[in-house]
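Single-structure report; data block below.
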Amino acid sequence: MGSNPWTKVDPATMVNLASVCERYGGGGHARVGAISFPPDQGDRAREAAAEIVAECAPMNLQNNRS
């Protein structure tokens, strides 16, 4: 996961990607993060991806309107 390093969006309004990734056993920094799942946990990886999109999409839409 990552965000545009050249965005003009106020960082205070952006999702902290490290915090999101940490909930799924991953990590990173405020603007970039990663999560790894074992090969036999593809269903869990897809579930996590859907949850992350649901969390981040509304914020992304709001920031793109600014």
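These numbers come from a predicted model, not from an experiment. In this chain, residues are counted from 1 in sequence order.
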Closest heavy-atom contact between Gly33 and Cys21?
C-SG, 3.6 Å
Could you tell me the separation between the CZ atom of Phe37 and the CD atom of Glu47, rounded to the nearest 0.5 Å?
8.5 Å
Sequence neighbours left out, what passes side-chain contact (heavy atoms from CB on, under 4.5 Å) with Pro11? Give chain and number order.
Arg31
Between Val15 and Cys56, which heavy-atom pair has the shortest distance, and what is it?
CG1-SG, 4.0 Å
Partner set under side-chain contact (heavy atoms from CB on, under 4.5 Å) for Asn4, not counting sequence neighbours
Trp6, Thr7
Applying side-chain contact (heavy atoms from CB on, under 4.5 Å), name anything that partners Arg46, two or more places apart in sequence or on another chain.
Asp43
Give, for atom CZ of Arg44 and atom CD1 of Ile35, the distance between the pair rounded to the nearest 0.5 Å.
9.0 Å
